[in-house]
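Within every chain, numbering begins at 1; the chains are lettered A, B, ... in the order of the sequence lines, protein sequences first and strands thereafter.
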Amino acid sequence: MVRSVAERAYLPARNLLEEIGDMMILTGRTIVSALRPPYPYGGEFVSQFLFVLKLCWFPLLISTLAICYAAPGLQAANFLTLFGALDRLGGIFILAAVREIGPAVTAVVLAGVAGTAITADLGARKIREELDALQVLGVDPVKNLVVPRFLALMVATGLFNVYAILFGIFGGLAAELVNHQPLGPFWTTFFENADTTDLWGSVVKCTVYGAIIAIICCYKGMTASGGAEGVGRAVNQAVVLAFLAVFAFNYVFTQMLLATHPEILVIK
Amino acid sequence: MNELLAMPREWLSAAGEIGRFMGTVLSDVFGARVLRFSGETLRQAGILIISSTLIIWALMFVLGLECGIEGAYFLEAQGAPAYSGVFAAWCDLREIIPYAFGYMLAAKVGTGIVAELGAMRISDEIDALEVMGVDSMVFLCATRLLGSWLVLPFVYIAGIGGAFLASYIAVVQQVGVVSSGGFELIFWEFQNPTDFLFSLTKAMVMATVIVLVGCYYGYNASGGPVGVGTATAKSMVLNLVLVHLIGMMGTQIFWGQSPKAPIGG
């Protein structure tokens, strides 16, 4: 009885730890083979980058506009109206759009749209035994498939973050207009509070998100098994893990950034 | 010109298809046809509880922590750390936690349904159901929708509790800018049962849409094992866009430009 209970609790925990370890190994191998010559992944990198770009730009646009119009836009404007200080919304948008929501929504959309597509693609290749065929031909799947996706997703997530911030600010402008406010004070408080630390923190954070998403999605795709349901299940697990990992990392990173750079918190 | 119009036309026809599918499933549930399979409904509800609940709560908890630290640091900088509770209350209840719920539901439950139903479609199990005289739409989709309606309100309410606890931990224990009593006073003052009801409505609309979208993409999967993977990925795209749109419309409709706060005019 005790033994069976212990085994039921122990096995999933061990599997999870093994999986995390495997992902770490994959991360290490990816970085090493990205740096070590030869570099055969240029063409694949460009095509993956364009693929991510084509897939994500529209969902990301709608998502950032919607969330920034509603959450920091309308709700924060509601709060500021109480004090008659609606011009302060620009300052709040530094906190909301640049530091928190921009990167978070970028990560969610990239994981949900590009990450799932990558897992489905690699999973299909695994099921059709194309990955084994590549290995037989002497082509390293990590170097030729994982590295270009890893780099493409990292670069794309970092750049998309700027795009998300831009459209997030449009959402804020819409909220100001809905409240019948002039836009001048918004821009004034926005640029007074804007800080390079915030921007680089945001971009660095997002680039790491891209790396996390790419590794999890590639790993899950390359280890898919079990026929038709296997690929679907791999996509499911990949996106769940990616969300949890990204938000856990976000918590640690935000906490560190805020605690080590207190000057970005000063409201000007 | 034709090429330019091809994409919107494709989207429109897909939207129509999805709308008709959703209408059929909803009428199956409201027409009580689903009650013939109440055993299956309860089984789906049970599967939802065992396999998805903890992970949904985990994301809600983490986002509650984030609301807490952002609020604490932001209001400390404003010189009003005592009011961290306002930020936490609004961020948790009104905005971010419904999104967290929607994200994780789309990722865990939505794609899970697509993978499961898609595999059934590919291996001709759905056709087999039809041949046996079972209405596959009711048996597979309507039972899942009713099952999720039975379970998810409670999952969401408990998850909100978890997020509140997380915000409390972040603001009071971790950052420590305000005393426990001071935080709770402001925190409970700036929310009311109506807010809670609105938040629950938002989350349940998201849940309904996510389950239906998952059923649609799984039920209509095609193209072998690869097709299941592609359908799963596609469902996630639509779900994410819809979650954000529902969140925005919910805020606009429920709160709009009236703060519903205990201070001010």
If you count heavy-atom pairs within less than 4.5 Å of chain A, which of [options] leads?
options	result
B:Leu240, B:Val243, B:Ile96	B:Leu240
B:Val241, B:Leu65, B:Ile55, B:Ile122	B:Leu65
B:Val237, B:Leu238, B:Val175	B:Val237
B:Gly247, B:Gly118, B:Gly112	B:Gly112

Contact summary for [X] and [Y], nearest pair of heavy atoms:
X	Y	value
A:Ala117	B:Ala233	N-CB, 3.9 Å
B:Ala115	A:Gly232	CB-C, 3.4 Å
B:Val62	A:Phe247	CG1-O, 3.6 Å
B:Val226	A:Ala124	CG2-CB, 3.5 Å
A:Gln75	B:Trp90	O-CZ3, 3.5 Å
B:Lys108	A:Asn236	O-ND2, 3.5 Å

Counting only non-hydrogen atoms closer than 4.5 Å, does [X] touch chain B with its backbone (N, CA, C, O), its side chain (CB onward), both, or neither?
X	result
A:Ser63	both
A:Arg125	neither
A:Asn250	both
A:Phe79	both
A:Ile127	side chain
A:Ala71	both

As an exercise: rank [options] by heavy-atom pairs under 4.5 Å with chain B and give me the winner.
options	value
A:Leu95, A:Thr81, A:Val231, A:Thr254	A:Leu95
A:Leu60, A:Val108, A:Val113, A:Val105	A:Val108
A:Asn179, A:Leu55, A:Val109	A:Asn179

For [X], does the [atom1] atom sit with more than 12 other heavy atoms under 6.0 Å from it, leaving out its own atoms?
X	atom1	result
A:Phe249	CZ	yes
B:Tyr83	OH	no
A:Phe58	CZ	no

Say you draw a straight line from [atom1] of [X] to [atom2] of [Y]; how long is it, rounded to the nearest 0.5 Å?
X	Y	atom1	atom2	answer
B:Tyr99	A:Ile101	OH	CD1	8.0 Å
B:Phe74	A:Arg99	CZ	CZ	9.0 Å
B:His244	A:Thr64	NE2	OG1	8.5 Å
B:Glu66	A:Glu100	CD	CD	5.0 Å

Step by step, would you call A:Val235 with B:Met236 a side chain to side chain contact (heavy atoms under 4.5 Å, CB included)?
-> CA-CA 10 Å; A:Val235 174; B:Met236 200 60 207; over 6 Å; no
Select one option (side chain, backbone, both, neither) describing which atoms of [X] are under 4.5 Å from chain A's heavy atoms.
X	answer
B:Glu116	both
B:Thr230	backbone
B:Val86	side chain

B:Met104/A:Leu244 under side chain to side chain contact (heavy atoms under 4.5 Å, CB included): CA gap, chis, key distance, verdict | CA-CA 9 Å; B:Met104 208 24 130; A:Leu244 282 181; 3.7 Å; yes
Looking at A:Asn78, A:Leu74, A:Ile67, which one forms a side-chain contact (heavy atoms from CB on, under 4.5 Å) with B:Thr251?
->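 That would be A:Leu74.
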